[in-house]
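Structure record follows, encoded as structure tokens.
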Amino acid sequence: MKTISENRAFGGVQGVYSHAAQTTGCEMTFGLYLPAQAEDGPVPLLWFLSGLTCTHENAMIKAGAQRWAAEAGIALCFPYPSPRGEGVANDPDFALGQGAGFYVNATQKPWAPHFRMWDYVTEELPRLLFNAFPLAEEAQAITGHSMGGHGALTIAMSFPGRFASVSAFAPICNPTASDWGRPQLSAYLGPDESTWAAHDASLLMRRRGFDGPMLVDQGTSDQFLDKLKPEALAEAMAAARQGGTFRMQKGYDHSYFFVSSFMEDHVQFHAAALLD
């Protein structure tokens, strides 16, 4: 693991690190914020999964999460959302290829050698973090934005007991029925749609739900509403009688202005679950 940078922030340290990842077969970069409380021992960890075209930097710089995490004594991890680099397959469409990993393990050519984001985020990166930093493995929560919201929801529902809470900002809620989902799942996983269901938050909600509190925020002026399909998740939550809150925020769009506006709510929501 290489240290790219470490900066003092709100009494803690915002670091950026890289490592040669076995799952993706390329160099992967992540941001990790450690609050001052980490100097005295392991602290809870909140994962933030980013969306299409992003790197670790987008949420790390724009979401404003460090201030609230510092107050709560919670660490933040901002992983790369996709493999990148020379030799990694790509596509001219911004919603496929580098910058668009969709948090799945690709099985199809040319994506399979590198696009194993599910294993990277759920297995390899956690192992590295908990071995190298003062983090409490038993106290994890997860959130994300857009494609990252999709990843946060599907991962949380697929690992019962791992995450104390889950939240999402404008997630891709029903990718098996969306233009942000069907082309990508077909490319990465093949034409058998039965393999796609494990990566659809609305379908997972109807089948198993989440074993903890959930918070979803969606802007009513989001320019991608037709692709995100928030109504599918809201209906699935109601059908599953899922404990949680789904909020339509009037006038907000898909940008990080929206995310930063409600980040305090989300960090405090997760802090209540992690520090209970």
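Heavy atoms only: backbone and side chains are in, while hydrogens, waters and symmetry mates are out. Computed from a predicted model, the values in this text were never measured in an experiment.
Heavy atoms of other residues, nucleotides or ligands lying less than 6.0 angstrom from CZ of Arg67 number 12 at most. Residue Asp276 places its CG atom among 12 or fewer non-hydrogen atoms of other residues, nucleotides or ligands, all under 6.0 Å distant.
In this structure, the side chain to side chain contact (heavy atoms under 4.5 Å, CB included) partners of Asp192, at least two apart in sequence or on a different chain, are Ser194, Thr195. For Phe224, the ring pair (Phe, Tyr, Trp, His ring centres under 6.0 Å) partners at least two apart in sequence or on another chain are Trp180, His254.
Aromatic ring pairs are classed by plane angle as parallel below 30°, tilted from 30° to 60° and perpendicular above 60°; the pair Phe115 and Trp111 is perpendicular. The aromatic rings of His150 and His199 are tilted relative to each other, their planes meeting at an angle between 30° and 60°.
Without hydrogens or angle criteria, Ser255 side chain to Phe257 main chain gives a donor-acceptor distance under 3.5 Å. Panel note: side chain Gln184, backbone Gly181; a donor-acceptor pair is recorded below 3.5 Å.
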In residues 88-97, what donor-acceptor pairs under 3.5 Å come from side-chain atoms, sequence neighbours left out?
{"residue": "Asn90", "atom": "OD1", "partner": "Gln98", "partner atom": "N", "Å": "3.0"}
{"residue": "Asp91", "atom": "OD1", "partner": "Asp93", "partner atom": "N", "Å": "2.9"}
{"residue": "Asp93", "atom": "OD1", "partner": "Ala95", "partner atom": "N", "Å": "3.0"}

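Across Val267 and Ala69, no two heavy atoms sit closer than the pair CG1-N, 3.8 Å.
Taking the six-membered ring for Trp and the full ring otherwise, Phe262 and Phe169 have centroids separated by 6.0 Å or more. Taking the six-membered ring for Trp and the full ring otherwise, the centers of Tyr103 and Trp118 sit at least 6.0 Å from each other. Outside the 6.0 Å centre-distance limit, the rings of Tyr80 and His19 are not counted as a close aromatic pair. Proximity of the aromatic rings of Phe133 and Tyr17 is defined here by a centroid distance below 6.0 angstrom, and this criterion is met.
Between Lys62 and Glu57 there is no salt bridge, since no side-chain N of the basic residue sits under 4.0 Å from a carboxylate O of the acidic one.
If you chain together hydrophobic residues whose side chains sit under 4.5 Å apart, Phe258 and Ile172 never meet in one group.
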Start with the C-alpha distance between Tyr256 and Ile61, add both sets of side-chain angles, then the distance that settles side chain to side chain contact (heavy atoms under 4.5 Å, CB included), and finish with yes or no.
CA-CA 10 Å; Tyr256 269 94; Ile61 293 173; over 6 Å; no
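Contact of the Val121 side chain with the Leu125 side chain is not registered, since no non-hydrogen atoms from C-beta on lie closer than 4.5 Å.
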